[in-house]
Every structure is written in C-alpha cells, then in structure tokens.
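Just so you know, these numbers come straight off a predicted model, no measurement behind them. Residue numbers start from 1 in every chain, and the chains themselves are labelled A, B, ... in the order their sequence lines are given, proteins ahead of strands.
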Amino acid sequence: MLGAHRERPDALAKVSGATLYTADVALRDALVGMVLRSPHPFARIKRIDTQLAGALPGVLAIAHAGTVPDKRLDFSIKDQQLFPKTYARYAGEPVAAVAAESVTQARAALDAIVVEYEPLEPLLTIEAALGANAPLVHPDWQTYEKSDSRVLRGNICGYNRIRRGDVDAAFAAADAVVESEYRLAPSAPGYIEPRAAAARREPDGGLTVWCGSQSPYGNRDELAAFFDLDPTKVRFINQFVGGAFGGKILMATEWYAAALALQCARPVRVVWSRHEDQLNVFPRHGGFARLKSGAKADGTLLGMRASFFFNTGAYIGYGSGTALIATMLASAPYRIPNLDLEATLVYTNAQVAGPVRAPGGPQANFVKESHLDELARKLDIDPLEFRLKNAWVDGDVSPSGQKLTSVSVKETLRRAAAAIGWGKDLGTDRGRGLAATWWFSSCGGSKARVAALENGRVRVASGNPEVGTGSAAAALPIIVADVLGIDPSRIDMELADTATGTYDSGVGGSGSTFSAGQAVEAAAVRVRQKLLERAEQMLEARAEDLVLEGGRAFVRGTDGPGISLERLVQSAGGEVSEAGEAPELGDPEIDESLVETHEFAAWLAPSFTATAAQVEVDRETGRVSVEKIATAQDVGFAINPTGVVGQIEGGATQALGYALTEELKFDERGLVNANFKDYLLPTAVDAPSIEAIIVQSPSEEGPHGMKGAGEPPVTTPAAAIANAVRDAVGTAPNEIPMTPERVWQALQSAQRHSAGKRSRSTATP
Amino acid sequence: MQYFEPNFLDEALVLLDRFAGGARVLAGATRLGPQLRDGADGVETLLNVKRVPELRDVHFDGVSLRIGALVTARELAEDALVRTHAPLVALAAATVGARQLRCVATIGGNICSGDPAADLSTALLACDAVCCIASIRHGSVETPIDRIFKPNVSGLPSGELLVAVRIPAGGACAAYQKMTTRRGFEMALVAVAASLSFEAGHVRRARIALAGAAPTVLRAAGAEAALAGRQLTRASADAAARVAADADAQPLDDHRASARYRRHLVATLTRRALLAAGAPERGAAA
Amino acid sequence: MHPVTLYVNGEKHELVVEPLRSLLETLRDDLGLTGTKEGCGTGYCGACTVLVGGDPVNACLYLSVDADRKAITTIEGLADENGALHPVQRAFVENTALQCGFCTPGMILSAAAFIADDPEPSESGVRAALAGNLCRCTGYQSIVRAVLDAAKHMRDAGRAGERPGRRALIRARA
C-alpha cells in the first residue's frame with residue numbers, strides 16, 4: 001500500500017468538472033462584496049465618507065476602519081489593522097468594502113465612497129527605506145507590540161545572524177576569494193484560482209465562512225478573536241483549493257466577506273478578479289544579497305560572509321520566515337567552518353511579502369549556488385567535484401550547530417548529475433549546472449478521526465485542507481488503508497470543516513503528510529486495535545496471530561475466510577471510531593551561541609535536494625531554453641510516490657518561471673503587471689523535460705521515516721539553471737529573473753570585460 | 001448602450017454613420033470586450049458585424065488575395081489560399097497568442113488595435129497590403145495599410161468600416177521572426193516580417209516590417225533600400241539589419257524591455273528573417 | 001437585452017443576455033455549469049476554455065451573443081451519452097495529470113479538440129497546442145503524457161479524428 005503509485009481519489013470529480021471551488025458554491029441570496037483600494041503607495045487617510053455610498057440602491061453594507069473593531073491583526077509585529085485608519089501604506093491596499101445586490105451596484109457604491117488622502121513620499125525600494133533620514137513606513141513603530149525577540153529599527157523589522165569562527169581570517173588564508181552581489185525580483189505564487197470567500201452571519205450570533213484556505217482552523221481562531229465572536233460558533237467550511245503555494249495562508253477575501261456579512265442578514269460573496277488578486281497577492285520576497293567566500297586551491301571551503309536584504313513590504317504579515325530561512329540556507333549543505341550570515345527584513349511601501357512555497361529557498365539558493373560556481377571556476381575545479389568535496393555527511397553540523405543525521409547530500413548530487421549526463425560533451429552554447437540545498441519538515445498540531453462503518457467503508461476526518469498536492473486527498477487515505485488492510489477506494493475523506501472536523505495547523509512548511517499523516521495513522525491504529533479485539537473474540541485467537549488484510553481479519557498463515565471488516569464493526573456496535581493526533585515533537589538541539597535573534601535555527605527531520613539542469617542559450621537574443629531538469633529529492637520515505645513526483649515536476653516548472661520570466665513590476669503608481677498577460681508564468685512550451693528522482697534516507701521523526709516534500713522542489717532548479725547558463729556561455733546574470741535581456745546584457749558585459757583584459761595584456765609593459 | 005447586429009454591409013455602414021464617434025465595431029471582442037466591461041467611456045453603440053457575409057471571405061482572383069476583416073488568425077494560418085499566395089501572413093498568424101485566441105482573433109481586429117506589436121499588422125505591412133474601407137461618406141476606398149497605423153490611434157475614423165484586406169499575390173520568400181520573453185503566448189517584444197523577391201540572383205524588392213520597435217508597426221524603409229539590387233548574403237543581410245536597427249527603429253524603454261535591447265533585437269531578427277526568407281532562392285542558386 | 005439560443009452539451013437554452021455578457025458568465029451564472037472556471041478574465045490562462053463548434057475558445061472573452069445557435073461543449077458535456085469518460089479524461093486520471101484541478105476542465109477540452117485535429121501528435125505539438133492553458137501545479141509533463149496516451153488510445157480504438165462533445169453536436173443538429 002505505502003509506496004505504490006496510485007490514482008488520486010479526487011481525480012474523477014476534477015476531470016468531470018464536478019469539484020466545487022469557493023466561487024462555485026451555490027449560495028441563495030448572496031450579495032456581491034467588493035473592495036476599494038488606495039491608489040497611493042503611501043498616504044495619510046484624512047477622512048472616509050460613506051454616506052453617499054450607503055444611500056445608493058441595493059447597497060446593504062459598507063465596512064471600513066470605523067465599522068470594525070479597532071484592533072491590530074495578530075502577527076509577530078502588531079503593525080496592521082483590518083482596514084487602515086491613519087495611513088494607507090501600499091498602492092492597492094484595501095481601505096473599504098461594500099456589499100450590494102449586483103456588481104453594478106457594488107461598483108457604483110465604491111465610486112461613491114469619498115476618501116480624502118494626503119499623498120506622502122513613498123519608499124519604493126530597500127535602498128530608499130534604509131537611507132539615512134529615510135521617512136518611516138511605520139512612524140509609530142515604537143508603540144507596536146511584538147511577540148518575539150525581533151529587531152525593530154527604523155524601517156528594519158527583522159534581523160538575524162549566524163556566526164561561527166573568523167571569516168576574515170579564513171579569507172586571508174584562502175587561495176581564492178570571490179565577492180558578488182545579486183538582485184532578486186519579487187514574484188507571485190501564481191495559483192490559477194483567484195481568491196474568493198463567502199460569509200454569512202448566523203442567527204446564533206456566529207458566522208459561517210466558505211473559502212479555500214491553507215489553514216482554516218488558524219483562520220477561524222483569528223477571525224473569531226478579532227470580531228469578538230465565540231469561536232465555537234464560527235465555522236470555516238474549506239472547499240477544494242485551486243492552488244495556494246503559500247499565498248492562501250493569510251486571510252484576504254475572508255476578512256472582507258466576514259466584515260460585510262456581520263452587518264447584514266444575507267451571505268456576502270467576495271470573488272476577486274485576477275487583477276485584484278495580483279494587487280493584493282502576498283509575493284515571494286525580492287531584495288538583494290552580497291556574498292563573499294574563500295576556499296583553498298584544492299577546493300576546501302574555508303569561510304563565507306553573506307548579507308541578505310529582503311523587501312517585506314508594508315506590513316510584516318508572515319514575512320519573517322524568509323529572512324530566518326535565508327541564513328540557514330546561505331552556506332548549506334556544505335561544510336564551511338567560518339561563517340558570518342545575516343538577513344534583514346525591510347519595510348517599504350509595497351505589497352506585503354509572504355511565505356510563498358519555500359520562503360527564502362529559491363532566493364538563497366540562486367545566490368549561493370551561483371556564487372559557489374564562480375568560486376569553483378576560479379579554482380578550475382569541476383562544479384560537481386567542488387560540491388561533493390564540501391558536502392555534508394552524517395555527523396556534520398548545520399550552520400546553527402545542529403548535528404545532522406540521515407544526510408544524503410552526496411547521493412542527491414550524484415544522482416541528479418548522472419541523470420543529466422554530467423561530464424558528457426554538449427557542444428557550443430549548451431551547458432549544465434548544479435545546485436543543492438537542505439530543507440526542514442514541519443509537524444504542526446494535527447488531529448484526526450477514523451471511523452470504520454458497518455457498510456465496510458471508512459470515514460476519515462482530518463483538518464488538513466486539500467490544496468492540490470494530494471496530501472489530504474491521496475496520501476492520508478493510503479496511510480489509513482495500509483493500517484486497516486483495505487483498499488484506499490473504501491475510504492471517504494471529509495474536507496476540512498471546522499464545525500465537524502478535527503484541528504489541523506494547516507498546509508505549509510512541508511508538513512501536511514508529516515503531521516496529518518501521523519494523526520490519521522494514530523487514529524487508524526486505535527481502530528485496528530479495536531477491530532482485532534473483536535476478531536480475537538470471534539475467531540478465538542490471540543491478537544498477535546491475527547492479520548488485517550484485504551478487508552478482513554484472519555489468523556496468519558491460515559486459509560479460512562476470516563471475518564470481514566463489516567462484520568467486525570457490526571459486532572462492535574455498528575461503528576468503530578477513534579481519534580488520533582500528531583505527536584508534539586521537540587526541536588533538535590542547536591548551539592545557541594552561534595545565532596542572534598533567530599527563531600528558526602533548529603530544523604526538524606531535514607531533507608536534502610539537488611537539481612541538475614541542462615540549457616541551451618541563444619547568445620544573440622539571450623533566450624535560455626531549458627532542455628531538462630533532473631531533481632533528486634530525499635523524502636525519507638515516499639508514502640505516495642505519485643504525489644512526490646507531482647511535487648517535483650510542478651516545483652521544477654515553478655522554479656523555471658522564477659528563473660527566467662516571472663517578475664512583479666512596480667512603478668511609482670504601484671503594480672504594473674496585475675494580470676497574467678504581463679506576469680509570465682511558464683506555459684507548456686516553456687516547461688522542460690523533468691526527471692524526478694526519489695531518494696529515501698529515512699528520518700527518525702517522520703511517519704515511516706518520511707521527510708517533508710512539498711517545498712524542496714522549488715528550491716534548487718532556478719540556481720541550477722543559472723549555473724547551466726554560466727556553463728554554456730561563460731557568464732550568467734546576477735539578477736533574477738534571468739530574462740533574455742539580462743542574459744544578453746551579461747554577455748555584453750563579459751565581452752567588454754574580456755576585451756578590456758585583452759587590450760591590457762597586449763599593451764607593452 | 002445600444003447594440004446592433006447588422007445582417008448586411010449597407011446596414012452596418014448606415015448604423016456606423018448615424019452613431020459616428022460613439023460607435024464601436026465588435027469583431028473577436030478579445031480586446032474591446034474586457035475594456036468595455038471595465039468601463040464604457042463614451043461608447044454608446046456597439047455594432048456586432050459577425051453576420052455580415054462579405055467580412056468572412058477569402059478570395060483569390062489571380063492577381064491579389066482578398067481577406068475579409070473577420071477572418072480569424074487560425075483560418076489565416078491554415079487556409080490553403082493564404083498559405084499559397086500570402087505565406088507571410090500565414091506564418092505570422094500562427095504566432096498570434098495561443099490556439100484559443102487564434103480561433104477568435106480577427107485580422108480586422110488586429111489592424112484596428114493600433115498595437116505596435118501586432119503580428120498580423122506587421123506581416124501585412126511587409127506584403128504591400130491595401131485596406132478596403134467602406135463608409136457612407138466616401139463609399140469604398142482602398143488605402144495602403146501603412147497609412148492606417150498612427151501612434152496612439154486605434155481603429156478607423158468614425159463612420160468607416162474595414163471590410164477586407166487585399167494583398168498582391170506572391171511572396172514565397174517570406175519569414176517572420178518573433179521574440180518574446182517566454183517561449184509562447186505573448187505579444188512580441190520585437191518581431192520582424194520580411195518578404196523578398198529576386199531577379200537574376202539579386203534582391204529585386206525587399207519588404208521589411210517591424211513590430212515592437214516604434215510607437216506603431218512600421219516599415220524598415222532604410223533597410224529595404226539598403227538591400228534592393230544586392231545579392232542576399234550574410235554580409236548584406238547584416239548590413240540591412242544594422243540600418244533597420246539604427247535608422248528605421250524608434251524603440252522606447254518600457255517595463256518589458258529597454259530601447260537598447262529592442263534595437264539589438266531588430267538587428268538580430270532582421271538578419272535572421274532576411275536569411276530565412278531568402279533560403280529558397282539561395283538554395284535554388286546553390 | 002438580446003435573445004440568444006445556446007446549445008450547450010446537447011441541450012437547448014433560450015436566454016436573454018446583455019450584449020457584453022461573456023459566455024463564461026452565462027454558463028456559470030445562468031446555466032449553473034460551474035465546471036468552466038475564471039482564472040484571469042482576460043484570455044491569458046485558458047481555465048475558461050470551452051468548445052464552440054468544436055473549436056477551443058476562451059469563454060471569458062467570447063460573447064454570449066456570438067454563441068447564438070452554436071454548439072457549445074463544456075467539461076460537463078464531454079463524457080458520452082452513457083456517461084463514459086472521454087479518453088482524454090480517462091487518461092488524465094490514469095496519469096495523474098492534475099493536482100488542484102482548477103486548470104483541468106479547460107486543459108482537457110483544449111487537448112480533446114487538438115487530438116481530433118491531429119490524431120497522431122508529437123510531444124512538441126501537444127505542448128504548442130496547450131500553450132494557452134496555464135497550469136501551476138503539475139509542470140505539464142504528466143499532462144503531455146496523458147494527451148499522448150489518449151491519442152494513442154483513440155487511434156487503437158478506431159476513433160482517430162473523432163470530434164469531442166459528439167453528444168452536443170448530435171443534439172444540436174437534431
């Protein structure tokens with residue numbers, strides 16, 4: 001059962017168009033909810049007047065700062081309100097919302113809301129925000145509550161540092177030192193389903209919310225607390241989600257639907273257009289980074305200094321992770337004795353950056369792997385050999401001093417390189433590149449209930465939402481089926497519904513199967529126990545001699561028919577239902593003296609991933625064609641290999657977009673490409689041939705030894721592509737995305753540089 | 001907003017004339033539809049001309065190919081008459097958007113979009129195409145297509161309807177080179193349409209049109225002159241390409257690309273288009 | 001307001017629509033056929049792909065008035081008269097050519113229309129045909145495999161070139 005390739009249980013409905021996503025849910029009498037957005041990147045809000053709007057026909061509710069509790073949202077820095085009261089801090093920030101009978105009436109109401117803004121000088125770049133005498137995005141930042149040990153300094157809202165040894169001494173002792181700087185553009189999660197939510201006030205004073213969230217339980221708790229509602233009366237009914245990738249953890253449409261619904265008796269539906277979604281999307285952090293590293297002539301890495309600066313936008317939201325993860329990735333997975341790694345989060349008047357799939361991962365890896373390849377080239381050492389020489393092995397320590405076990409860096413590198421044909425001749429303007437990384441697993445809280453029924457079917461309730469990966473829809477049933485000895489087709493998964501389901505901390509951090517899987521397994525094991533107790537009685541045998549297989553219990557090694565699951569359940573009273581929960585796992589030990597204001601320096605059940613890419617570059621246009629991507633990912637144990645392959649293939653193509661074409665562009669008025677015309681996701685023609693290599697080096701903590709698998713697939717392919725470009729044409733842009741123009745510019749610079757060198761060398765001394 | 005579905009050309013012209021500046025013609029609606037749904041802005045009358053039969057024809061009379069304004073990009077890419085007598089148009093049509101868009105985007109809509117990166121407009125410019133325009137005021141008039149494209153102007157003057165495009169037959173030596181950021185489904189950053197005719201091994205006439213290199217699609221007249229009368233070689237193609245890039249193109253910086261890079265693309269793609277267009281001739285000569 | 005007659009999946013619907021009402025809005029809101037999705041509303045993602053007269057179009061751009069008296073096939077109408085999945089649908093299930101499923105209806109319709117035109121496609125041909133259907137989850141490889149599988153299945157079953165949504169086309173002609 002475990003480890004076999006299976007069809008997805010939700011596939012039939014999806015190919016038939018029968019699956020319901022949030023905008024498909026039929027709601028009688030629903031009002032149309034729409035949002036009014038600030039046109040200014042930075043402005044004082046002097047006054048909002050909704051009188052005119054409220055008098056218009058068909059307008060039943062208007063929400064703004066004055067109509068919702070005067071509270072701040074519960075983030076690690078309490079810097080944000082639901083609707084801004086005093087300052088609008090980014091172009092597109094929602095300042096009010098209306099509910100009306102029709103789209104036309106809602107639009108008329110939005111037009112009739114009077115907002116008096118006093119535009120202020122915006123801070124549109126990190127450099128501007130860090131400048132001496134720069135105005136503050138949050139003039140009152142000193143009054144903000146914050147929940148952890150973070151730094152708040154002017155426009156700096158996060159800082160962490162990892163230090164070991166003496167990097168300057170290491171550079172002095174090195175035979176080669178390379179210093180480089182990189183720029184990273186922000187990018188979008190790119191889910192195809194725009195955000196949508198509906199809410200309805202209930203007669204008992206509660207609220208029902210329909211949405212497609214990654215974390216309905218967390219959302220429910222936050223919403224209830226904000227609106228002072230009894231959380232047991234707030235119900236989040238999660239629908240199937242049309243892709244999330246970290247962009248649907250924080251609420252957006254849910255907030256506005258709720259704020260409006262609480263003012264009227266009818267449901268309010270807020271469905272965003274792609275344009276609106278892009279304006280309020282939580283981007284992957286952009287920014288820049290400086291790296292310096294040194295090695296001996298034989299390739300041994302001696303030291304690295306790295307500084308990352310991330311543009312986190314107008315509010316902190318869930319942006320902290322990127323900076324914490326970047327420093328943990330900057331030198332990994334390589335053995336470097338002297339380190340000085342820091343990352344800074346900076347407020348600007350831009351969209352709120354968020355935890356897009358593998359936050360900090362593609363960014364840090366592009367930077368670090370490009371940089372290491374430059375160093376390898378300077379030393380004239382093959383990039384694969386260079387990496388293998390310095391790669392972690394069992395017993396090495398992480399940047400924060402965590403002892404590493406079940407390390408598979410070399411295996412993933414070797415297998416990815418072999419799959420791409422590393423070392424074989426390629427011809428002009430074609431090249432290959434490598435990148436390697438590590439990642440963490442997550443085990444947030446998760447509870448489940450498994451019920452075996454009289455009709456032979458098994459009902460499983462897990463609060464883990466199905467956002468597309470198949471963790472909830474496919475992997476969880478496989479786990480339960482394996483324990484109970486039945487075919488997964490006999491399992492009915494209940495979608496996350498906070499009223500009837502069980503708690504789960506949500507999809508994110510590569511932890512769905514890891515945590516929810518353990519919860520359902522624990523519950524299934526208890527059900528199995530109860531069933532075997534019945535079987536013991538009915539077969540007059542001992543439990544240890546019994547097996548549950550093929551839907552029945554029988555004595556091991558015998559031929560008899562045994563007893564069917566249905567009869568066991570019948571005899572147990574008609575239903576056997578048990579609860580289970582994921583274990584609370586402690587953090588691995590680290591060396592606290594190495595880290596400064598770092599809340600995420602201990603990584604649970606770490607995984608290792610390497611990618612090899614092969615490209616062809618058109619020197620004249622700068623166009624990079626990715627021919628093949630081979631990713632070897634250590635998942636510990638693949639409970640659902642079909643799902644893992646899907647993650648690797650999808651992640652490779654997302655990373656290709658990140659590498660070559662995706663960029664959220666801003667000018668002084670805000671987001672320029674708020675659409676899918678100019679925000680360029682990879683099409684089927686762009687996508688390469690992808691080879692997914694599953695490596696299984698089991699963890700101690702994960703169910704059946706698994707390691708979290710959802711995020712690693714996007715972490716290394718962009719870096720591998722950059723290195724492949726460098727291999728093909730001798731240089732690569734230090735800026736991402738590596739658009740054709742940037743590749744062409746890099747080639748031009750390299751030509752000028754080498755022409756300069758040539759002319760110098762031919763000059764008579 | 002008023003809406004009409006005229007069944008005949010005359011009916012359409014009368015309506016266009018009566019409602020003048022506030023009227024818009026709906027073809028594939030791929031641009032106009034979303035624009036109008038966002039806000040009508042002075043548009044009071046919509047004329048859906050898809051029932052007018054003359055607008056769908058493709059007809060070859062032995063001398064020129066006449067293509068109705070409502071012929072779609074997909075039809076242009078696949079139609080035997082177009083592929084034979086105006087292969088450059090078929091080549092360009094195959095690059096428009098993706099399949100779904102090609103099934104509804106029309107040649108008339110492409111011309112009237114005024115988009116400086118429009119593929120069909122660029123190809124037509126390099127085909128010496130003539131626009132057949134009808135109106136109550138002026139009757140039926142033929143205008144060379146390069147007079148249609150003006151910066152920041154889309155559509156025809158009020159009261160006028162683009163009925164068809166007429167292309168002189170020929171142009172077997174044709175090529176269309178289009179550069180975009182990703183590998184499909186995107187408006188051109190820069191594109192070059194080239195059509196060559198040869199006599200005794202020399203270029204008798206060159207037509208080169210540029211997309212994405214100026215405020216409108218435009219002919220690279222300087223490059224054409226540089227090539228006329230010469231043999232087509234790598235060197236002469238290069239030289240013409242340089243003229244196209246340095247003299248003919250007037251690119252601007254925008255969020256998609258810099259003017260400098262666009263100029264470079266003009267040079268590269270012009271050279272490639274010329275050599276590709278001339279390949280049958282060079283192959284025959286070799 | 002303008003009267004139109006739409007033949008959707010073989011059923012006749014007489015409606016009155018605003019001239020600018022897209023086919024997508026009519027299908028979803030007036031006919032309750034929510035299988036066709038809005039991903040971008042501007043013809044750049046393909047999630048709204050439906051077949052009109054067998055041709056793939058973006059329903060978000062296609063005007064309902066232009067669909068008058070035309071045979072329209074949505075994802076709900078792809079299975080045959082007996083409810084058997086179209087070979088492309090079956091191949092998507094067998095090859096796990098989907099994850100979140102949001103792009104899937106449009107992707108399947110595009111693919112089905114394509115292999116009717118090109119019953120023995122190459123991989124690059126499949127990719128080019130699907131360039132107008134964005135997928136963010138799968139990376140396209142499993143989708144391409146499924147389409148090639150479906151095409152082979154249809155050739156082997158003597159169904160090469162069969163137009164999808166036969167049910168719709170048959171009843172529309174009746």
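Interface remark: A:Asn675 contributes no atoms to any contact with chain C (heavy atom separation under 4.5 Å). For A:Ala687, the parts lying under 4.5 angstrom from a heavy atom of chain C are both the backbone and the side chain. A:Val467 touches chain C through its backbone: at least one of N, CA, C or O sits under 4.5 Å from a heavy atom, while the side chain does not. With a threshold of 4.5 angstrom between heavy atoms, A:Leu20 approaches chain C through side-chain atoms but not through N, CA, C or O. Only the side chain of C:Ile108 comes within less than 4.5 Å of a heavy atom in chain A; its backbone stays farther off. At a 4.5 Å heavy-atom cutoff, A:Phe240 makes no contact with chain C through either its backbone or its side chain. Heavy atoms closer than 4.5 Å to chain C are found nowhere in A:Ala244, neither backbone nor side chain. For C:Ala47, the part sitting under 4.5 Å from any heavy atom of chain A is the side chain, from C-beta outward, and nothing else. Contact annotation for A:Gln647: both backbone and side-chain heavy atoms come within less than 4.5 Å of a heavy atom of chain C.
For the set A:Ser16, A:Gly243, A:Ala13, the count of heavy-atom pairs under 4.5 angstrom toward chain C peaks at A:Ser16. For chain C, the option among A:Thr653, A:Ile648, A:Val241, A:Thr683 with the highest count of heavy-atom pairs below 4.5 Å is A:Thr683. Of the listed residues (A:Ala26, A:Gly470, A:Pro682, A:Gly657), the greatest number of heavy-atom pairs within a distance under 4.5 Å of chain C belongs to A:Pro682. Comparing C:Leu130, C:Val144, C:Leu98 by heavy-atom pairs within less than 4.5 Å of chain A, the highest count is held by C:Leu98.
Among all heavy-atom pairs drawn from C:Gln99 and A:Thr469, the shortest one is OE1-CA, 4.1 Å. Across all non-hydrogen atoms, the minimal contact from C:Pro105 to A:Gly17 is CG-CA, 4.4 Å. When all heavy atoms of C:Tyr140 and A:Ala684 are compared, the closest pair comes out as CZ-N, 3.5 Å. Between C:Cys100 and A:Tyr21, the shortest heavy-atom distance links the atoms O-OH, 2.6 Å.
Annotation: residues 120-128 of chain C contacts chain A through C:Arg127, C:Ala128 [non-hydrogen atoms, separation under 4.5 Å]. Contact annotation for residues 56-65 of chain C against chain A (heavy-atom separation below 4.5 Å): no residues qualify. Residue-level contacts of residues 28-45 of chain C with chain A, in order of numbering, are C:Arg28, C:Thr34, C:Gly35, C:Lys37, C:Glu38, C:Gly39, C:Cys40, C:Tyr44, C:Cys45; threshold 4.5 Å between heavy atoms.
Contact of the A:Tyr191 side chain with the C:Cys137 side chain is not registered, since no non-hydrogen atoms from C-beta on lie closer than 4.5 Å. In this structure the side chain of A:Glu193 reaches within 4.5 angstrom of the side chain of C:Phe102, judged on heavy atoms. No side-chain heavy atom of A:Thr19 sits under 4.5 Å from any side-chain heavy atom of C:Thr104.
For the atom pair C:Arg136 CZ and A:Ile192 CD1, the distance stands at 7.5 Å (nearest 0.5 Å). For the atom pair OG1 (C:Thr96) and CD (A:Glu649), the distance works out to 10.0 Å, reported to the nearest 0.5 Å.
Other residues, nucleotides and ligands contribute at most 12 non-hydrogen atoms within 6.0 Å of the NZ atom of C:Lys152.
At least one donor-acceptor pair under 3.5 Å links the side chain of C:Gln141 to the backbone N or O of A:Ile690.
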Practice item. Apply side chain to side chain contact (heavy atoms under 4.5 Å, CB included) to the pair C:Ile75 and A:Val15, showing each step before the final yes or no. Key: CA-CA 8 Å; C:Ile75 188 68; A:Val15 301; 5.9 Å; no
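For residues 83-109 of chain C, every residue pair satisfying the salt bridge (Lys or Arg N to Asp or Glu O under 4.0 Å) rule, not counting sequence neighbours, is listed here: C:Arg90-C:Glu94.
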